[in-house]
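Below: one structure, written as C-alpha cells.
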Protein chains: 2
Amino acid sequence: MEPDRWLGVELRHLAALQAIAEEGSFGRAARRLGYTQSAVSQQIATLERIVGERLLERPGGPRPVSLTEAGRLLLRHAEAIVARLDAARADMEALSTGAAGTLRVGTYQSVGKRLLPALLRRFRDAWPDVEIRLTESSNDEELLELVERGELDLAFVIYPLVDGPFEVRQLMRDPYVLVVPADSPLAERHRPVSVREVAELPLIGFRQCRSLVQVQSYFRGRGLELDVVFQSDDNGTVQGLVGAGVGSALVPRLTMDEHEERTVMLELEPRVPPRLIGIAWHRDRYRSPASRAFVETAAELAAELEAAANSAAAPAAA
Amino acid sequence: MEPDRWLGVELRHLAALQAIAEEGSFGRAARRLGYTQSAVSQQIATLERIVGERLLERPGGPRPVSLTEAGRLLLRHAEAIVARLDAARADMEALSTGAAGTLRVGTYQSVGKRLLPALLRRFRDAWPDVEIRLTESSNDEELLELVERGELDLAFVIYPLVDGPFEVRQLMRDPYVLVVPADSPLAERHRPVSVREVAELPLIGFRQCRSLVQVQSYFRGRGLELDVVFQSDDNGTVQGLVGAGVGSALVPRLTMDEHEERTVMLELEPRVPPRLIGIAWHRDRYRSPASRAFVETAAELAAELEAAANSAAAPAAA
DNA sequence: AGCCAGCGATCAGGTTCCATGATCGATATC
DNA sequence: GATATCGATCATGGAACCTGATCGCTGGCT
C-alpha cells in the first residue's frame with residue numbers, strides 16, 4: 001500500500017465518518033455537515049477505496065448504518081487526528097492573538113474548590129482578554145490523555161505522572177489530614193493522631209483517587225491496613241458523612257472545607273508523605289504567553305496558599 | 001475562525017510542508033512528492049489561506065526557504081497528525097490480516113461463569129492483540145437487540161432465537177438437572193428423579209429465564225405443573241438457597257457450581273429436552289478473522305466441556 | 001400480495017478544483 | 001550586464017466534487 005494513497009484521506013472524509021457514526025444514517029449526517037446524501041455516499045466510497053476496507057454496514061431499508069470493526073478502528077484515529085487539528089488551530093490562534101484567545105485547562109475537584117477561584121481572579125486581572133475554558137474530571141490521568149490528544153492546553157495533575165509527552169511544573173504539597181467529627185474524643189485532644197490509631201478507625205474515602213492508593217501503600221509499608229468502609233467521589237459528601245459521625249476520613253487537606261464546623265482536621269504522626277500537585281502541558285505544543293503566565297500565576301498562588309496553610313498549622317504542631 | 005475551514009486542511013498539504021521544511025526548497029520538495037514546483041506552491045498557498053498565517057519565508061533567489069514561527073508550530077502538529085495516519089494504516093493492515101482489533105461479545109451469567117473464562121484464555125493465546133469487550137445481560141433477547149443494532153459483534157444465545165437478521169452457531173446442549181440439598185433423601189438415592197416427583201417439590205428458579213419457561217411448557221405437556229416458590233437472578237443465590245434447604249432447583253447444569261458440596265445434581269427421568277446454547281452474529285455485517293476464530297474457539301471448547309460433562313455423568317446413569 | 005416510506009448507490013451534468021507547463025519578477029553570483 | 005535559481009502567477013485541460021434525479025432493496029402497513 002502506497003503512503004501517498006493514504007495522504008489522499010481527507011479530514012472532511014473523517015468528519016463525515018464521524019457524523020455518520022453518530023447519526024446512524026447518511027442522510028442525517030449529510031444534513032448536519034451541509035451536503036446532500038449522495039455527496040456523503042461518494043465521500044465514504046472514496047474513503048473506503050483509499051483505506052481498502054468497508055467502514056460501514058448498510059443493512060438497507062430504515063435500519064441504521066453502523067461501523068464495521070475497520071470503521072471503529074479508523075474512527076478512533078480520526079477522532080485523535082481531528083482533535084490534534086483543533087489543537088493546531090488553538091495554537092495558531094494563540095500565536096496570532098498573543099494577549100487574547102482561549103486557554104483550555106483541566107482540573108479536578110479539590111483544585112477547583114480551593115486554588116482555582118483565586119487563580120482565575122488573579123489571572124483575569126492580568127489577562128482580561130484570555131478566556132479560560134475548564135474541564136473537570138475526577139481522574140487526573142484522564143486529563144493527561146486530553147493533554148496528549150491536544151484537547152487541553154494545561155491540566156492540574158498529581159505526582160507521579162504517567163509516562164507521556166508532558167512537561168510539568170510542581171505547584172504545591174498537599175498534606176494528608178485526618179478529618180474527624182468535631183464532637184469526637186480525637187477532636188478534643190487537639191494534637192496529632194498516630195498512624196496506628198488511624199488504622200483502627202472506620203474511614204470514609206474517595207472512590208477514584210490515586211491519593212488513597214498512595215496512603216494505603218504507605219500504611220501497608222508500616223504493617224497497617226486502612227479500614228475504608230465507604231467511598232464517594234464527592235468532597236462534600238465525604239466531609240458531610242464525617243460530620244454526621246459515620247466515620248473519619250484520611251484525605252488531602254485541599255479536598256476539605258476548613259470552615260466546616262462539624263468536622264476538625266488533625267495532623268498525623270508521623271506525617272504521611274504529602275501528595276504533590278502540579279500543572280502539566282504537552283511538551284511539543286506551542287506555549288503561548290498566556291499559557292506561560294497562567295502557569296506562573298498558579299505557581300505564585302500555590303506558594304502563597306502553602307505558606308498560609310503552614311503558618312496556620314504551626315500552633316497546633318507546637 | 002470557523003472549524004469547518006480547518007477541515008479543508010489536507011493531509012497532503014501537511015506532508016508538503018514537512019517536505020519543504022526538510023528540503024529547503026519548493027522544487028526539491030515537489031520532486032520528492034511527485035508534483036511540479038508550481039503545484040506545491042499552490043498547495044502551500046491554500047494551506048496558508050486556511051490557517052491565516054505565513055508558514056514559510058521565501059527570501060528569493062537561490063537561498064533556502066525556512067519556516068516561520070507559525071510554520072514551526074504547525075509542523076509539529078503536522079508531524080503528529082501524519083504519524084497518527086501512519087498508525088491508522090498499520091492498524092488497518094493488522095486488522096485485515098486479523099491480528100488486532102476489538103471484539104464486542106454479549107454474554108450472560110451461566111456462560112460467563114463456566115464457558116467464558118476458559119474461552120477467553122484460549123482465544124487470547126491465539127490472538128493476543130485482539131481486545132475482547134464483554135457486555136453481560138440476564139436476558140439474551142436484549143443481547144440480540146444489541147447485535148442487531150451493531151453494538152455487539154457476537155452474543156451468546158439460547159435457542160430458539162427471536163426473528164431477526166441473525167446467524168447462529170450452536171455450541172452445546174446444556175441438560176437440565178435437579179439440584180437438591182446434599183443431605184436430602186433424594187440426594188442419598190443416587191439415581192434419577194422422575195418428572196412426577198419433581199412436580200411435587202417446592203422449586204427455586206431463575207427470574208428472567210426463557211429456560212424456565214421451556215421446562216414449564218414441557219411439564220404442562222405431561223399434565224404436570226411446577227411449583228416455583230422463589231425466584232432469583234443470581235446463580236449463586238439459587239444454589240445457596242438449595243444448599244440451605246429452602247427448596248430444590250430445576251435448572252440447566254451450566255448454571256450450577258458442580259464443586260458446591262452442600263448440593264447434589266440429579267438427572268431426570270425421562271430426560272427434559274436440554275437447552276441449546278449458541279453464539280450469534282448479524283448476518284449482514286463483516287465478519288473479521290478474529291470474529292470467526294472466536295466462534296470456532298467457542299465451538300471447540302463447548303464440545304470439550306460437553307464431552308467432559310457427559311463422561312462425568314455416565315456412571316450416575318448406569 | 002400490493003403499496004408506500006425510507007435508505008443508500010449510481011448516474012448525468014454543471015461547476016470547481018488541481019496539476020502541468022510556460023512565463024515573469026526577484027535575488028545572488030560572476 | 002548576463003546568467004542561474006527560485007517562487008508566484010497564469011492559461012488550460014482533465015479530473016473531482018457536488019446536486020438533483022432515479023433505481024433497487026428493505027421493512028412496515030393494509
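Throughout, protein chains are lettered first and strands after them, A, B, ... in sequence-line order, and every chain is numbered starting at 1. For the numbers below, each heavy atom of this structure counts, side chains included, while hydrogens, waters and symmetry mates do not.
Within 4.0 Å (heavy atoms only), Q42(B) reaches at least one base atom of the nucleic acid. Among the atoms of the strands shown, none is found under 4.0 Å from any heavy atom of E57(B). Counting non-hydrogen atoms under 4.0 angstrom, V40(A) reaches nothing in the nucleic acid. Here T36(A) lies in heavy-atom contact (under 4.0 Å) with a base.
We find that R169(B) and E296(B) are joined by a salt bridge, their nearest charged nitrogen and carboxylate oxygen being less than 4.0 Å apart. Ion pairing between a basic and an acidic side chain is recognised when a charged N comes within 4.0 Å of a carboxylate O; D125(B) and R122(B) show no such pairing. A salt bridge does not link E23(B) with R31(B): every distance from a Lys NZ or Arg NE/NH1/NH2 to an Asp or Glu carboxylate oxygen is 4.0 Å or more.
Shown here are the salt bridge (charged side-chain N to carboxylate O under 4.0 Å, His left out) partners of R287(A), two or more places apart in sequence or in another chain: there are none.
Residue R63(B) places none of its side-chain N or O atoms closer than 4.0 Å to OP1 or OP2 of dC6(D). OP1 or OP2 of dA8(D) sits under 4.0 Å from a side-chain N or O of S41(B).
Atom CD of E57(B) is separated from atom CG of L67(B) by 9.5 Å, given to the nearest 0.5 angstrom.
For the pair F26(B) and H13(A), both in contact range of DNA chain D, the more 5′-proximal nearest nucleotide belongs to F26(B). Both Q43(B) and Q37(B) lie close to DNA chain C; mapped to their nearest nucleotides by heavy-atom distance, the more 5′-ward contact belongs to Q43(B).
Residues L11(A) and W6(B) share a closest heavy-atom pair of CD1-O, 4.2 Å.
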Pairing pattern in dot-bracket form [Watson-Crick, G-U; both distances under 3.5 Å; | = partner strand] for DNA chain C: ||||||||||||||||||||||||||||||
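No side-chain heavy atom of E10(B) sits under 4.5 Å from any side-chain heavy atom of T46(B). For the pair R104(B) and T135(B), the minimum side-chain heavy-atom distance is 4.5 Å or more.
The span of DNA chain C lying next to chain B, judged by atoms under 4.0 Å from heavy atoms, is bounded 5' to 3' by dC18(C) to dA28(C).
Rounding to whole angstrom units, OH of residue Y35(B) and C1' of dA15(D) are separated by 14 Å. One atom, CZ of R49(A), and another, C1' of dA15(D), lie 12 Å apart when rounded to the nearest Å. Distance I44(B) CD1 to dT9(D) C1': 16 Å, rounded to the nearest Å.
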Test salt bridge (charged side-chain N to carboxylate O under 4.0 Å, His left out) applied to R253(B) and D174(B), step by step: CA-CA 6 Å; R253(B) 182 192 288 158; D174(B) 188 14; 5.8 Å; no
